[in-house]
Amino acid sequence: MNKPTVLEVRNLTRRFGGLVAVNNISFDVHEHEVVGLIGPNGSGKTTTMNLISGALPPSSGEIWLGDTCISRLPARRIARSGVARTFQLVRMLPSLSILENVKAGAVFGHQQLWGSELDHHARRLLERVGVMHDPDAPTSSLTYIDQKRVELARALASNPRVLLLDEWLAGLNPTELQQGIELIADLRDEGRTILLVEHVMDAIRSLCDRCVVMSSGSKISEGGTEDVLSDAAVIEAYLGKDDE
Amino acid sequence: MKRWLMIKKLLPLALAGSMTFLSAAQAAEPILIGAAASKTGPMAGGAAVTYWPNVKLWEHEVNARGGLQMADGSKRPIRIIEYDDRTDPAETIRAVQRLATNDRADFILAPYSTGLALAAAPIFDRYGYPMVNVSTITDQTDTLSARYERIFFTLGKTSVLAAGVVDALVQLREAGEIGNRVALVNVADAFGIELAQAARPALQEKGFEIVFNRSYPLGTQDLTPVMRGAAAARPDAFVAFSYPPDTFALTELAQVENLDVKVFYTAVGTPFPSYKGRFGDAINGVMGVGGVNADSDAFQAYQKRHQEVTGQAPDFWASAVQYASFQVLEQAIEGVGGVDRAAVTDYIKNNTFQTVMGEWRFENQQIRSYWTVGQWQDGEFKGIASEGNLPGAVAPTIKNGWK
Amino acid sequence: MKQQELIRLVLVALVFGLLALLPLIPANDRLMALAVPIAMYAVLATSWSLFSGPTHYISLATAAFYGVGAYTLANGLEVFSYPLLLLMAALLGGGLAALVGMTTLRLSGVYFVIFTLGLAELIRQLVTWYQNNFTGSRGSYVFTDITEAQIYWQLLGLLALVFLLGWLINRSRLGFAIRIIGNDELVARHSGINTARTKVLLFILSGAFAAVVGAVMAPRFVYVEPSMAFSPQLSFMVVVMALLGGVHRLWGPLLGVVPFAIVWELIAANFPGQTVLFMGLAFLVVVYFIPQGVAGVLEQQLHKIRQRRGG
Amino acid sequence: MVILLTGLFLGGIYALIAMGLSLQYGVARIMNLASGEMLVAGAFAGFWVYTAFSVSPYVALFFVVPLAFAFNWLIYNWLLLPLVRRAKNRGQLEVDSILATFGMSFVLVGVMLMAFGGSYFSYSWLARPIELLGSNYSQNRVLAFAVAAVICGGLYLLINRTRLGLSIRAVAVDPRAAGLVAIDVKKVAALTFALGGAVAAAGGTLLSTFLTFDASIGVVFTIKALVIVIMGGVGDIRGAIVAALALGLAETLVATLLDPGLTLAAAYLLFILILLFRPQGLFGRSAL
Amino acid sequence: MSDDQGLSCRDVVVAYGQHPALRGVSVQVAPGELVVILGANGAGKSSLLNALAGLVPSQQGEMLLGQQPLTDLPPHRIVEAGLALVPEGRGIFGDLSVEENLRLGAYSERARKQEQQNLALVYSLFPKLVERRRQIARTMSGGEQQMVAIGRAMMSAPAILMLDEPSLGLSPLLTSELFRSLRRVRDTGLGILLVEQNARQSLAIADRGYLLENGEIIGSDQAAALLADPAVQHAYLGGAAAKRAG
């Protein structure tokens, strides 16, 4: 791996009261790479995403985006330095139109557009993620997958250096799932840098170059996707120990 | 269910509303009199004692004798149109405007309380209505009289009311009854502030020592600290420029704290019948703002009629003045023999009136003789000091405990 | 699109022009008696919803700003010129809003409501206490020669200004930011929006307007008292009217102010003893039957008609 | 010592006022801006009983409490439950209930104005001094404090020692989990709301023995109660009591030592400091 | 103990707005039977339990406990009928004491008479709770809180007990202990419907299991058979394992 490192997580820890949700995690994400952050339920993946995107401050440890340390910055500053994300449960801006939902990502963030330029940009992105709907309609008229697409377009709109996808594929039916995987694969081929939390293992297998596996807040494995998924420790984390 | 409930609430109101219209329609060619004052809000309590009963009494008295005598020999009854200003000056303005333009009232009674009345003053002026104020107590009466040619004042100026208290104290000190120590308390509202500001230098000038001086906001729930502080200062005289709720509270606390003073003065509310109703004989010797010539026949007759018609007793200060202000209007209309407002205004300026408060004559649009201090003596609140040497003043006495 | 906007702008300007002629109608007293409060509440409710509409923060601080404005004018009238006083009122109102906004806007909804409810009371107490102990002012008399018509024109001008500003804001990044915040503050932060600053900025704007309205209205009352200038009823009326009209559109509050003021006038004229009762009932009707506001209902109906026409 | 006792007596009454609201907000999740009007209604009842029958105003409690309970139960079920059902989330319920109860407060004021008029009401009952620890206090206040303390204590026992109280606390802590242990959350919420209203009305009856009131004074008490509830921590009865006593004490301290003109300002200052530094209230969860 | 008291649901559909969580799920649990539902995160396991408990509305389908239909009943009525849930994250009353939590469990009419009896049963199953009776639940360890949650559900004298990921956040040691106690609970005659991620350990104590993927049941079998089934591993980790037919 001699591609430059875009995102660097160093000794990241987050406590909630007595509970250590994220325990001394370190990993890198390189440019043009799709990295999967996986692990069983409650292992601290979403908390890690929240720490990177600034929704939560870390208890200790550092996060670097290129040459900037972003671990003490508020979420908006992190967004401006080039981190965009989607949310575990899709978050639309319900009183805004579809197009405005996309625009929201490109006005205040890493990329700041306005006027007709913004309009073109947002329309292009809607096309890019495959939303064929009337862009001026309310988001409530969208199907679930299209809402997810719009949310993805909003994240992409800021032209982020790192894209964080938090269970973006969850809740899709098999056909939609296939479309979704293809869309992310396209983004990868475009050269996007992506960190994704996902439970759909087939998606992980087909999308991720590398995976970081967490269990009970700690990193238990890291490496190529197939290697990691056949790692005994990982299987045990998912399925439990063999019977005593 | 919910909607039905609402209808059930609305129905009697609608009925009541239409009924007043009906009864009014039966009277022939009445003179329309507008009344806009507080039925709700902070001033409603005071208006319910001083203002509204007199409106009712006046309407009753005038119509009982067939109405007002016109120049053509006919008699016209009066009809009152009432509005609630909710103690909101903007609403006062609208109500008075409504009376002038919508209801085409022939005359409008001045609203209750300083702020509300002054808010309406420009409207009265613009539409050419004479405005005979009662409960408008300010030191700006001269400025206002110069500014508005139709405005009249009857109840006095703050500085004079304050001076009256000081004079009463001086009188008692000269009689050797009290010493120099005065505790001064006021409600931190325009009325209280103005009176305290006037009283402070006046007291000092007369050589009194202000041993305790506090203000408290309107609506203070617990005045115990104030009373306790006052008691601790061991004053000879306790002077509070207060409003009805706190007048009651301070009086009660004075008994609880056993405030041992020779002079106990509270302001608005002291002459209220409910004050006596609440504290009984304990208030003998309490001084308060205003007063009446309680022994005069005019007042006693008025008191009786008030009780009969409204079912409640008048207070011993502003009530009678309020009624007198209506009498001014009444006599001016009859004097002119019509409802020409300009003529009525001129009549008020240039004539003498026989009222329950005695003979009134406006000088520079102001009544120059009015009661400033009264005192509860033998179950009645009697005037002890007045501006313009009103007859019937009794000598102030000292307060002897609370029993 | 552009042309349509231009036409709309001309139309609005025309309407304002016509409204400005109102005081010139002879024997206009009844009209003016209604027009001044309508204009006043229109400015207050519209500027209130500039902030509260998109953010859903129910601010009951209008009376606080209004009172500050009224006092600025009453106390400064003998020292400063009138236009300067209006500017000072705006600055003081805005400054107070900034202070309040910075400390309380990070609180959640209910706390904010209660704090703003108390704010007017707090300021009233402080002003009273200050007057009582330091200035020795005997109330505040406002003797000016400003007429009812002049007050009306000023309010109309303010209303035009609010609309212009609101329109500009809606087209600006600031307006876009506040709409995103109102929809989802988390998304807003993650989109790079400085949510705190945006909210405070709009709160300042609505505070400044309320203060100027207070200053403009003060001459109408001759005598300014704390209990009147800081009347909590004012805050509530503004909220009811704005909600009744609908806060999601710039012109929404207007749809609440006009009918409410007229109905109010009818109630006050016909049921003088029961105004409070009816105010409460009106409030309940708004909450239970038209939570979207008149603007919302209107838009729904329009949408239906369009759909029917469309097919 | 004098300050302490005076503050305590004041705080005791505040505690009772706040307790009703605390129950209503903490359990039924309704921020009831009409609670001050319930209190005024209770005050009217006390006044009426004393002036019409010349018996102790406390007699009024015997019908005020059940009547207020029934009335509030109806309000909850008829007027507030539709809002609870309509609300998509807690925030919306809060806004809706604030607006609705505010409207109700106006309706109640209107009704009381029609019934009693706008005058001040007061009567003198037990306005005699009683000596405690060397200084004088009025008997009606001391008695009101004692009764308030008894009511507060009774409520505390009810909440902490009975099965009903246990279910009330369960709903306050976690309405979702309460449903999972077969608690009828709606019924408990309605009962608690009604109970809160009854407590507020009882507080009004106590207050009427020494305070001058009028039909539209309710909002003053509502604001006080809100401040106390938030200071004490939402839904925390114990916190409300302590906050009420603290407020009573603080007000008395400021009034005595500083200036009575600043008492309300001091109360709000205390309020905002607590909001800023302990938004969860004095006894909020993270305190432990 | 007849099947009359068993839990059965047919074709249950649940959606959150536009997001479908269950697409027609049918499950049965008999008294005295421990049934586990396996599946990756987001497969819809919690949604199924929440729908059965009345916490989320189901759009379609039928739910029965014995002969009694549960569909559209509010949560408290479902508990009253005899179906109790230990929700994910335990849902205990953190501010109340252990014993208060347990007693609240017996709030239902059906459980009141046997309150003392059930309390004794819970204490005998979880002896640790006896010494912690007065402790505030929030201050206890995760494992102990889980015991309180299970104990509280048992206090409602349910016919069927549902548990949502009880091992979440517990150490391996505590997890084993928890599963052993679940077996003891089953042995008292209760039916248990367990949602678990820890497939191997839960299958080891279960009688039967269902495999849930993407809101649909993709397989069911005896526990021992599932333990050896590669489809289970596939459901969690995807990959080469062959999909199992029906």
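Within every chain, numbering begins at 1; the chains are lettered A, B, ... in the order of the sequence lines, protein sequences first and strands thereafter.
Between B:Glu252 atom CD and B:Glu257 atom CD the span is 11.0 Å, to the nearest 0.5 Å.
Proximity of the aromatic rings of B:Tyr265 and B:Phe241 is defined here by a centroid distance below 6.0 angstrom, and this criterion is met.
Looking only at distances, a side-chain donor or acceptor of B:Thr114 sits under 3.5 Å from a matching main-chain atom of B:Ile137.
Counting non-hydrogen atoms of neighbouring residues, nucleotides and ligands closer than 6.0 angstrom, the CG atom of B:Asp260 reaches no more than 12 such neighbours.
Contact count against chain D (heavy-atom pairs under 4.5 Å) is highest for B:Ser215 among B:Ser274, B:Ser215, B:Ala231, B:Ser38. Comparing B:Gly229, B:Pro244, B:Ala249 by heavy-atom pairs within less than 4.5 Å of chain D, the highest count is held by B:Pro244.
Only the side chain of B:Thr224 comes within less than 4.5 Å of a heavy atom in chain D; its backbone stays farther off.
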